[in-house]
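Accompanying notes for the structure given below.
Keep in mind that the numbers below use all heavy atoms, side chains included, and drop hydrogens, waters and symmetry copies.
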Amino acid sequence: MTDDTAPADVPTPGTVPGQPITLRVGAQGVSATGSLYDRIGGAPTFDRLVRRFYEGVRQDDVIWPMYPADDLEGAVWRLSAFLQQYWGGPTTYSEERGHPRLRMRHHPFRITPDARERWLHHMRDAVESLGLAPLDEAELWGYLDRAAHAMTNTFD
């Protein structure tokens with residue numbers, strides 16, 4: 001009696017051997033591996049995100065007073081550098097400013113639920129303006145939404 005079964009690593013004649021599955025960030029898109037920083041285009045993408053965000057913030061009478069109007073370029077750099085580092089880019093932020101300590105840095109500001117929602121509104125517009133692949137957008141947005149909720153420090 002003969003055994004007609006082939007070992008698992010030998011394809012049966014006339015069939016295609018199994019291929020590894022590659023998760024893609026969009027139709028025909030790049031592989032969903034590596035850092036978000038690399039997948040979405042690195043520093044130029046984060047700079048576009050932050051600049052678009054501040055375009056909205058500058059028009060917002062509730063949250064604009066929390067930002068340093070006399071150092072807007074510094075604020076742009078700090079947010080962009082932080083996000084780049086968080087998402088796998090250069091560690092310049094920590095090298096120049098130390099640990100992010102987000103809650104401590106935001107503590108002096110009254111961040112109410114209304115302020116949080118306005119921040120999220122402007123950030124949502126900025127994220128959508130990038131035209132990211134759906135998985136990348138969801139990953140980025142999920143973090144930004146959680147971070148905004150974590151910064152809320154007053155409810156009056």
Side-chain angles (χ1 to χ4, degrees), residues 17-156:
Q19 299 294 317
I21 295 174
T22 302
L23 183 61
R24 303 269 175 206
V25 296
Q28 309 301 316
V30 297
S31 171
T33 58
S35 69
L36 181 78
Y37 175 84
D38 290 329
R39 289 195 318 264
I40 69 172
T45 301
F46 284 98
D47 289 344
R48 282 196 331 270
L49 170 75
V50 171
R51 288 195 180 280
R52 176 69 175 253
F53 167 73
Y54 276 111
E55 285 174 16
V57 168
R58 289 178 72 172
Q59 307 306 312
D60 193 301
D61 60 343
V62 171
I63 63 174
W64 175 240
M66 294 184 212
Y67 291 90
D70 60 335
D71 185 26
L72 186 56
E73 283 305 307
V76 167
W77 180 87
R78 288 186 294 274
L79 180 54
S80 184
F82 167 75
L83 291 171
Q84 289 175 49
Q85 177 175 303
Y86 182 87
W87 291 107
T91 58
T92 311
Y93 180 91
S94 287
E95 291 165 8
E96 294 191 17
R97 296 189 45 90
H99 189 281
R101 303 180 313 230
L102 293 180
R103 288 192 51 86
M104 184 200 78
R105 291 184 196 273
H106 290 82
H107 183 73
F109 305 101
R110 287 181 28 91
I111 303 174
T112 64
D114 179 48
R116 176 194 65 223
E117 293 307 311
R118 287 167 178 262
W119 188 95
L120 285 168
H121 169 78
H122 299 300
M123 189 55 80
R124 185 75 198 158
D125 175 68
V127 169
E128 288 178 355
S129 77
L130 297 175
L132 300 177
L135 289 176
D136 289 335
E137 182 175 310
E139 186 176 359
L140 176 60
W141 181 249
Y143 168 76
L144 294 167
D145 185 57
R146 288 187 308 276
H149 280 81
M151 294 304 108
T152 306
N153 59 20
T154 188
F155 294 90
D156 46 299

Just so I know, are the side chains of [X] and [Y] near enough to count as touching, which here means a heavy-atom distance under 4.5 Å?
{"X": "Tyr37", "Y": "Phe46", "value": "yes"}
{"X": "Met151", "Y": "Arg116", "value": "no"}
{"X": "Leu83", "Y": "Leu144", "value": "yes"}
{"X": "Asp145", "Y": "Met123", "value": "no"}
{"X": "Arg118", "Y": "Thr112", "value": "no"}
{"X": "Arg78", "Y": "Pro68", "value": "yes"}

Which residues satisfy the side-chain contact (heavy atoms from CB on, under 4.5 Å) test with Glu96, sequence neighbours excluded?
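Result, side-chain contact (heavy atoms from CB on, under 4.5 Å) vs Glu96: Trp77, Thr92.
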Using a 3.5 Å distance criterion without hydrogens, assess whether the side chain of [X] forms a donor-acceptor pair with backbone atoms of [Y].
{"X": "Arg124", "Y": "Leu120", "answer": "no"}
{"X": "Ser35", "Y": "Asp38", "answer": "yes"}
{"X": "Thr45", "Y": "Ile40", "answer": "yes"}
{"X": "Arg39", "Y": "Gly34", "answer": "yes"}
{"X": "Asp136", "Y": "Leu36", "answer": "no"}
{"X": "Gln85", "Y": "Ser94", "answer": "yes"}

Taking side chain to side chain donor-acceptor pair (under 3.5 Å) as the definition, give me every residue that meets it alongside Arg58, ordered by chain and number, with sequence neighbours left out.
none
Using a strict threshold of under 4.0 Å (side-chain N to carboxylate O), is an ion pair present between Glu55 and Arg51?
no
